*Asks:* 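One structure follows; several queries about it will come next.
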There are 2 protein chains.
Amino acid sequence: MVIFASQGDPRRTMALLWRDTGSAAAPDRRPGPRPGLTLDAVVAAGIEVADVDGLAGLSMRAVGERLGRTAMALYTYVSDKAELLDLMYDQVHAELVADTADGADWRTALAAWAAESWDFHLRHPWVSQVSMTRPVLGPNENAAMERLLRILRPTGVSARRTRGIVGALTHLVRGAAAMAAESRQAARETGQSEADWWYARSPVLAAVAPDYETRFPLLTWLEAGRDAADDDAVGYMENEARQALAEGLKVIVAGIDVSRTPSDTI
Amino acid sequence: MVIFASQGDPRRTMALLWRDTGSAAAPDRRPGPRPGLTLDAVVAAGIEVADVDGLAGLSMRAVGERLGRTAMALYTYVSDKAELLDLMYDQVHAELVADTADGADWRTALAAWAAESWDFHLRHPWVSQVSMTRPVLGPNENAAMERLLRILRPTGVSARRTRGIVGALTHLVRGAAAMAAESRQAARETGQSEADWWYARSPVLAAVAPDYETRFPLLTWLEAGRDAADDDAVGYMENEARQALAEGLKVIVAGIDVSRTPSDTI
DNA sequence: CGCCGACACTTTACGGCATAAGGAGATGTC
DNA sequence: GACATCTCCTTATGCCGTAAAGTGTCGGCG
């Protein structure tokens with residue numbers, strides 16, 4: 001279920017990631033029929049399939065079909081499904097390397113980063129399902145991280161603490177965006193909107209747990225504080241996720257601000 | 001890949017979740033052979049399989065085999081793999097309902113909650129892969145959330161902001177623990193420790209990106225600040241995840257503290 | 001007692017998945 | 001023209017969830 005990237009030959013995958021076509025460049029004319037596809041085309045097709053049908057829909061057959069080939073044809077360009085996913089992962093991260101709020105206050109720049117990351121994950125919902133424990137180590141993944149560090153640099157927080165904060169920010173954005181993306185995906189795949197889903201379950205819950213309000217008083221209090229108008233536009237869960245990101249970011253920024261000390265500098 | 005729970009008949013699944021055996025209780029002696037298993041046994045077997053082999057290893061065949069049955073035998077007790085997962089999900093959350101730091105300062109109680117949640121996710125690594133967008137609505141899931149709210153209650157933060165903070169905390173703990181859990185799982189499944197993995201890739205990265213240090217100065221700075229001794233004990237990624245949780249929690253607590261205003265009360 | 005229907009559980013089958021193995025045809029070099 | 005090499009294909013294997021149909025066991029009713 002969780003996809004572990006980078007299992008094949010590291011040398012090969014790394015060369016493809018950094019598009020190191022070999023020290024002697026490409027010999028270019030070799031015997032055999034000319035390739036009808038390119039690696040970039042295969043990766044792009046993979047991204048298109050995953051964007052629409054999720055990681056579950058990313059099959060070699062589906063990618064091949066999009067390119068007018070069979071599944072096995074892809075193995076000419078890519079050694080593995082895992083390698084394809086590595087390349088897809090790094091490719092989409094190119095969308096996150098540009099510093100859009102260059103020179104702005106770090107709080108502003110961080111907010112811009114979070115907003116862009118949110119959009120990014122909604123565009124490519126499968127990204128948040130790829131495990132982070134075996135980083136792909138591609139150029140774009142590195143560049144995207146470098147950008148976040150450039151934003152946090154002016155806070156003067158130490159390297160040690162910065163690593164923790166980067167992790168916390170990443171988990172927050174990933175988690176919130178994943179929830180929103182899955183909410184949309186679930187509605188599409190199951191053909192049941194969130195409202196429908198809730199209307200079907202709410203009375204059943206009430207029937208099966210008639211003492212809900214006394215048993216879970218704080219949950220009841222929490223629900224009572226909702227502004228239903230917000231939900232209609234984007235759906236309950238997506239709204240919750242958006243709020244979690246906004247509130248989490250706010251609280252983290254406040255926490256960084258208050259905990260900055262001279263000893264943290266550099 | 002992402003598992004959407006609760007797709008079957010809501011009435012049936014909810015009744016099983018809340019163990020509402022029907023208003024007329026159990027008729028108990030009916031024609032036909034006596035059931036050799038119980039629902040609880042099936043759910044427990046599912047949890048055992050998933051704990052060891054992950055969601056990817058959770059197959060009806062595997063669960064059946066653990067119980068000395070075929071895959072199809074399970075359909076007597078459970079209508080679906082999704083329903084089984086719902087029941088497993090709520091069942092394990094029973095481990096998180098007890099208030100262990102009752103009456104303590106909310107900062108202490110929150111730290112205890114985070115530590116327990118961390119352990120919980122390492123015990124049941126598959127939980128963080130179940131989508132949160134279609135909550136199971138079982139008794140234990142509700143009770144676990146109620147407990148977190150009880151901890152946050154003394155901060156006096158409004159319901160609206162509390163929802164955001166709860167989401168942020170959940171995403172942080174889920175993300176960090178998932179990373180640690182996947183790190184262990186990857187080492188086990190691929191038979192390659194994190195150190196081995198890194199030693200295989202580090203020189204390749206250096207060869208393919210000789211200008212790494214000038215291209216990614218801040219990443220280089222970040223890596224330089226690492227205390228290698230920490231990693232030996234638990235592995236690099238698990239340590240990173242632990243730090244992210246600790247630092248994120250610290251910063252969120254500081255942020256809550258500083259942003260508490262009289263207007264937030266109640 | 002004998003039979004019927006309900007029920008637990010099994011075997012078999014289907015379409016989907018990644019990918020190993022081997023074959024067909026195209027294209028370059030000699 | 002022969003041959004090596006390359007792209008792309010077909011086929012096969014062993015997984016998955018679960019539909020369909022069969023087997024044997026039991027309680028209740030005649």
Side-chain angles (χ1 to χ4, degrees), chain A residues 1-5 7-9 12 22 26-42 45-46 49-50 53-86 88 126 189-190, chain B residues 1-5 7-9 12 22 26-42 45-46 49-50 53-88 126 129 189-190:
Chain A
M1 246 61 195
V2 172
I3 307 298
F4 295 116
Q7 311 232 36
D9 175 21
R12 196 197 122 94
D28 220 43
R29 306 305 302 124
R30 278 132 86 246
R34 263 159 268 164
L37 303 173
T38 61
L39 178 59
D40 285 338
V42 172
V49 169
D53 298 323
L55 263 202
L58 181 73
S59 69
M60 299 302 269
R61 283 166 172 81
V63 177
E65 196 166 354
R66 174 169 287 261
L67 296 165
R69 302 292 136 92
T70 65
M72 292 310 289
L74 305 180
Y75 287 85
T76 309
Y77 302 91
V78 127
S79 71
D80 227 62
K81 188 180 172 179
E83 187 175 87
L84 172 59
L85 192 59
D86 280 0
M88 287 165 56
W126 49 276
E189 282 184 13
T190 66
Chain B
M1 244 64 198
V2 172
I3 308 297
F4 296 115
Q7 312 232 34
D9 176 21
R12 196 196 121 94
D28 219 41
R29 305 305 301 126
R30 278 132 84 245
R34 262 160 270 162
L37 302 174
T38 61
L39 178 59
D40 285 337
V42 172
V49 169
D53 297 324
L55 264 202
L58 180 73
S59 69
M60 299 301 270
R61 284 167 171 84
V63 177
E65 196 166 355
R66 174 170 287 261
L67 295 165
R69 302 292 138 93
T70 64
M72 292 310 291
L74 305 180
Y75 287 86
T76 309
Y77 301 92
V78 126
S79 72
D80 226 60
K81 186 179 174 182
E83 187 175 87
L84 171 59
L85 192 59
D86 281 359
L87 295 168
M88 289 166 54
W126 49 276
Q129 294 173 50
E189 283 185 13
T190 67

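Predicted model, so just to flag it, every value in this text is computed and none were measured.
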*Asks:* Report the distance from atom CG of B:Leu37 to atom C1' of C:dT10, rounded to the nearest whole Å.
*Replies:*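 After rounding, the gap between these two atoms is 14 Å.
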
*Asks:* Would you indicate what B:Ala73 reaches in the nucleic acid, counting non-hydrogen atoms under 4.0 angstrom: base, sugar-phosphate, or nothing?
*Replies:*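 Base contact.
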
*Asks:* State, yes or no, whether a side-chain contact exists between B:Glu65 and B:Val49 at a heavy-atom distance under 4.5 Å.
*Replies:*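 No, side chains not in contact.
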
*Asks:* How does each nucleotide of nucleotides 12-21 of chain C score, in 5' to 3' order, for protein heavy atoms under 4.0 Å: base (B), sugar-phosphate only (S), or none (-)?
*Replies:* -----BBBBB

*Asks:* Please round to 10 degrees the angle between the axis of the first five pairs and the axis of the last five pairs in the helix from C:dC1-D:dG30 to C:dC30-D:dG1.
*Replies:*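 Computed angle between terminal axes is 30°.
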
*Asks:* For A:Thr76, check side-chain contact (heavy atoms from CB on, under 4.5 Å) against everything at least two apart and list the hits.
*Replies:*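 side-chain contact (heavy atoms from CB on, under 4.5 Å) check on A:Thr76 returns nothing, list empty.
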
*Asks:* My understanding is that only residues two or more places apart in sequence, or in another chain, count here; which of them pass side-chain hydrogen bond (donor to acceptor under 3.5 Å, both in side chains) with B:Arg66?
*Replies:*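 Per chain and number, B:Arg66 pairs via side-chain hydrogen bond (donor to acceptor under 3.5 Å, both in side chains) with B:Glu48.
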
*Asks:* Between D:dC9 atom P and A:Glu65 atom CD, what is the distance in whole Å?
*Replies:*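 In whole Å, D:dC9 P and A:Glu65 CD are 12 Å from each other.
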
*Asks:* Would you name the heavy atoms of A:Gly57 and A:Ala62 that are closest together and state the gap between them?
*Replies:*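 Closest approach of A:Gly57 to A:Ala62: O-CB, 3.8 Å.
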
*Asks:* A:Arg34 CZ to C:dA26 P: how many Å, rounded?
*Replies:*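 The distance from CZ of A:Arg34 to P of C:dA26 comes to 13 Å, rounded to the nearest Å.
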
*Asks:* Which residues satisfy the side-chain contact (heavy atoms from CB on, under 4.5 Å) test with B:Arg12, sequence neighbours excluded?
*Replies:*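 So B:Arg12 forms a side-chain contact (heavy atoms from CB on, under 4.5 Å) with B:Asp9, B:Leu16, B:Ser79, B:Glu83.
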
*Asks:* Whole Å only: how far is the CG atom of B:Leu55 from the P atom of D:dG17?
*Replies:*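 B:Leu55 atom CG is separated from D:dG17 atom P by 11 Å.
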
*Asks:* Report yes if a side-chain nitrogen or oxygen of A:Tyr77 is closer than 4.0 Å to either non-bridging phosphate oxygen (OP1 or OP2) of D:dT7; otherwise report no.
*Replies:*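 Looking at the OP1 and OP2 atoms of D:dT7, neither is under 4.0 Å from any side-chain N or O of A:Tyr77.
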
*Asks:* Establish, with yes or no, whether the OP1 or OP2 oxygen of C:dC9 is under 4.0 angstrom from a side-chain nitrogen or oxygen of B:Thr70.
*Replies:*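 No, because none of the side-chain N or O atoms of B:Thr70 sits under 4.0 Å from OP1 or OP2 of C:dC9.
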
*Asks:* Provide the closest heavy-atom pair for A:Gly64 versus A:Leu74 in the form atom of the first, atom of the second, distance.
*Replies:*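 Closest approach of A:Gly64 to A:Leu74: N-CD1, 3.8 Å.
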
*Asks:* Counting N and O atoms only, with roles assigned by atom type, does the side chain of B:Tyr77 sit under 3.5 Å from a partner on the main chain of B:Val42, one being a donor and the other an acceptor?
*Replies:*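 Absent.
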
*Asks:* Not counting sequence neighbours, which residues clear salt bridge (charged side-chain N to carboxylate O under 4.0 Å, His left out) with B:Asp53? List them please.
*Replies:*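 Partners of B:Asp53 under the salt bridge (charged side-chain N to carboxylate O under 4.0 Å, His left out) test: none.
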
